[in-house]
Asker: 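First, the structure itself, so that you have it in front of you.
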Amino acid sequence: MGYFEGINKIKFEGASSKNSLAFKYYNAEEQINGKTMEEILRFSVAYWHTFTADGTDPFGAPTMIRPWNHLQGMDLAKSRAEASFELFEKLDAPFYCFHDKDIAPEGDTLKETFANLDVMTGILKDYMKTSKTKLLWNTANMFTNPRYVHGAATSSNADAFAYAAAQVKKGLETAKELEAENYVFWGGREGYETLLNTDMELEQDNLARFYHMAVEYAKEIGFDGQFLIEPKPKEPTKHQYDFDVASGFAFLQKYGLQDKFKFNIEANHATLAGHTFEHELHYARINGMLGSVDANQGDTLLGWDTDEFPTDLYTTTLAMYEILQNGGLGKGGLNFDAKVRRGSFEPADLFDAHIAGMDSFAIGLKVANKLIVDNVLKDFIAKRYSSYTDGIGLEIAEGRTNFHKLEQYALSLTKVNNESGRQEYLKGIVNQYLLETLSSVKV
Ligand code: XLS
Ligand code: CA
Ligand code: CA
């Protein structure tokens with residue numbers, strides 16, 4: 001203890017609090033429809049952005065002032081681990097997530113890397129014995145090291161494929177050891193830059209073989225966490241195979257993996273794919289594939305993955321609307337895969353950022369819950385599609401018709417009468433619910 005001096009445990013003080021280091025809307029104990037906010041939201045801290053990121057960007061040097069900056073190697077790793085549990089406790093975070101490389105430095109050989117990981121896994125396990133914070137998921141960093149320049153499970157080089165397999169094998173052992181709720185695959189370099197040098201069919205077949213082997217190994221060691229694929233369309237690779245939920249789902253179905261995986265949906269990846277966050281959540285939900293969420297936001301003025309802390313209440317509302325309709329996130333959670341801006345370099349900024357994110361999702365949860373309880377959108381949508389509840393519509397919905405009958409029916413129509421979709425009215429209602437919720441929580 002003692003990395004974040006002057007910062008006490010963050011408490012809920014209500015909307016009128018002027019204390020920056022207090023929750024204004026996130027009240028862990030507050031019940032929403034029989035469950036606490038903590039149980040529904042399942043917040044998680046991302047190790048990489050909070051403890052390993054240093055503020056480097058393509059144009060500039062590190063900016064982050066961190067108490068562990070003077071350390072290196074395993075000393076640095078141990079210090080970050082100690083600091084992480086202090087931050088988790090102060091934020092009362094129920095979960096955290098990491099890549100293998102975040103918790104332990106790579107050694108000169110794979111054997112050395114594994115030895116470093118074993119030491120750090122042991123240390124984290126010890127901290128977890130006396131902490132409430134559990135591991136939401138871990139993953140393997142198969143994108144930083146130059147050996148993955150052409151990909152990992154989709155590399156043109158079989159040795160890179162084998163190395164990646166060894167890394168994931170170890171990752172699953174770590175997941176088992178630390179009782180992770182999930183295991184994530186994000187394919188940053190699983191894709192291609194140009195078809196001129198790419199055998200896409202082989203690469204995708206290999207990716208599927210890799211996933212099958214991971215599922216097999218998890219079974220072998222008794223790891224029963226949920227496997228998650230995190231779609232992203234691009235960056236760092238120009239075209240990533242897990243482009244979005246729809247293409248990821250098609251891939252899983254083609255290779256018979258749809259029952260073994262769900263999706264970890266990141267807001268900023270959704271917008272990079274040209275979708276909204278709620279679109280990706282919705283698509284996964286209606287297909288029974290919503291597993292977990294990387295809660296962040298992009299910047300509409302920038303075309304890349306900015307990983308900002310989520311503060312847009314409209315988006316958190318629509319995201320929570322999907323999550324509540326999904327019956328919650330099950331083993332998943334809301335992981336802040338988000339980083340403080342380069343100019344927000346003081347340790348206290350880490351707390352401000354998480355508080356802002358947690359409060360924003362707490363508001364989203366309240367508004368979404370009210371929209372659901374009052375059946376606002378549901379009733380509207382049901383009415384909008386009511387033509388499918390009787391007559392020809394019901395015959396279509398029940399698969400009891402064909403083109404002959406439909407042609408006959410269409411010939412009998414004099415006019416097709418449509419009704420307004422009224423989206424401006426609905427947006428106004430969502431705003432009204434948002435503002436009402438905000439004013440009702442004023443303390
Ligand atoms: C990068 C991804 C990555 C995954 C985990 O854009 O969000 O951080 O969440 O590898
Ligand atoms: Ca992510
Ligand atoms: Ca991201």
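Everything numeric here is computed off the predicted structure, so don't read it as measured data. Indexing begins at 1, ligand by ligand and atom by atom, following the structure's order. Numbering of residues begins at 1 and proceeds along the displayed sequence.
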Asker: Before we go on, tell me: are the rings of F43 and Y26 under 6.0 Å apart, centre to centre?
Answerer: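 Yes - the distance between ring centres of F43 and Y26 falls below the 6.0 Å cut-off.
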Asker: If we ignore hydrogens and angles and just use 3.5 Å, is the side chain of R42 paired with the main-chain N or O of G332 as donor and acceptor?
Answerer: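 Side chain of R42 to backbone of G332: a pair is present.
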Asker: Which is it for D307 and ligand 1 at heavy atoms under 4.0 Å: side chain, backbone, both or neither?
Answerer: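 Under 4.0 Å from ligand 1, D307 contributes no heavy atoms.
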Asker: Is atom NZ of K134 surrounded by more than 12 heavy atoms (other residues, nucleotides or ligands) closer than 6.0 Å?
Answerer: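 Counting neighbours around NZ of K134, 12 or fewer heavy atoms of other residues, nucleotides or ligands fall under 6.0 Å, so no.
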Asker: Answer with yes or no after comparing the ring centroid distance for H99 and F143 against a 6.0 Å cut-off, counting only values under it.
Answerer: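 Yes.
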Asker: Is it true that some N/O/S atom of D307, main chain or side chain, lies under 3.0 Å from the Ca ion (ligand 2)?
Answerer: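 Under 3.0 Å: D307 has no N, O or S contact with the Ca ion (ligand 2).
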Asker: Heavy-atom distances under 4.0 Å decide this one: backbone, side chain, both or neither, for E230 against ligand 1?
Answerer: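 For E230, only side-chain atoms sit under 4.0 Å from ligand 1.
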Asker: How wide is the angle at the Ca ion (ligand 2) between OD2 in D294 and OE2 in E230, to the nearest 10°?
Answerer: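 Between OD2 of D294 and OE2 of E230, at the Ca ion (ligand 2), the angle is about 110°.
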Asker: Run the numbers for me: atoms of ligand 1, each under 4.0 Å from some heavy atom of W48, listed by number.
Answerer: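 Taking each heavy atom of W48 in turn, ligand 1 has 8 (O) under 4.0 Å.
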Asker: Considering non-hydrogen atoms of the protein only, which is the closest contact for atom 5 (C) of ligand 1, and what is the distance?
Answerer: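 Answer for atom 5 (C) of ligand 1: H99 NE2, 3.1 Å.
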Asker: Would you say W186 has any N or O atom under 3.5 Å from an N or O of ligand 1, going by distance alone?
Answerer: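 There is no such contact.
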Asker: Do E308 side-chain atoms and Q297 backbone N/O form a donor-acceptor pair below 3.5 Å?
Answerer: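 Not a single qualifying donor-acceptor pair exists.
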Asker: With a 6.0 Å cut-off on the ring centroids, do H354 and F336 count as close?
Answerer: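 Between F336 and H354, which both carry aromatic rings, the centre distance is below 6.0 Å.
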Asker: Any nitrogen or oxygen of T139, main chain or side chain, under 3.5 Å from a nitrogen or oxygen of ligand 1?
Answerer: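 No, there is no polar N/O contact under 3.5 Å.
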Asker: Should the proximity of D305 to ligand 1, defined as any heavy atom under 4.0 Å, be assigned to the side chain, the backbone, both, or neither?
Answerer: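 Side chain only.
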Asker: Closer than 3.0 Å to the Ca ion (ligand 3), do we get an N, O or S atom from D337, backbone or side chain?
Answerer: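 Checking the Ca ion (ligand 3) against D337, no N, O or S atom falls under 3.0 Å.
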Asker: Could you point out which residue of N264, N182, L136, N296 forms a side-chain contact (heavy atoms from CB on, under 4.5 Å) with N335?
Answerer: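 That would be L136; it is the only one of N264, N182, L136, N296 passing the side-chain contact (heavy atoms from CB on, under 4.5 Å) with N335.
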Asker: Give the atom numbers and elements of ligand 1 that come within less than 4.0 Å of a heavy atom of D337.
Answerer: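 Those atoms are 2 (C), 3 (C), 7 (O), 8 (O), 9 (O).
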Asker: If you look at E266, which of its N/O/S atoms is nearest to the Ca ion (ligand 2)?
Answerer: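 The nearest such atom is OE1.
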Asker: Below 4.0 Å from ligand 1: does a non-hydrogen atom of H269 turn up there or not?
Answerer: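 So H269 counts as touching ligand 1.
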Asker: Assert yes or no for the condition that the ring centre distance of Y96 to F85 is strictly below 6.0 Å.
Answerer: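 Yes, the ring centres sit under 6.0 Å apart.
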Asker: Would one find more than 12 heavy atoms of other residues, nucleotides or ligands at under 6.0 Å from atom CG of N197?
Answerer: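 Count over threshold, so yes.
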Asker: Pull out every atom of ligand 1 sitting under 4.0 Å from any heavy atom of D294, numbered as shown with elements.
Answerer: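 Reading through ligand 1 atom by atom, the close ones are 9 (O).
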Asker: Looking at E266, which atoms of ligand 1 are within less than 4.0 Å of one of its heavy atoms?
Answerer: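 This gives 7 (O) as the contact atoms.
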Asker: Rounded to 10 degrees, what angle sits at the Ca ion (ligand 3) between H269 NE2 and D305 OD1?
Answerer: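 Taking the Ca ion (ligand 3) as the apex, I get 90° for this pair.
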Asker: Within the side chain of S79, is there an N or O that forms a donor-acceptor pair under 3.5 Å with the backbone of D75?
Answerer: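 No.
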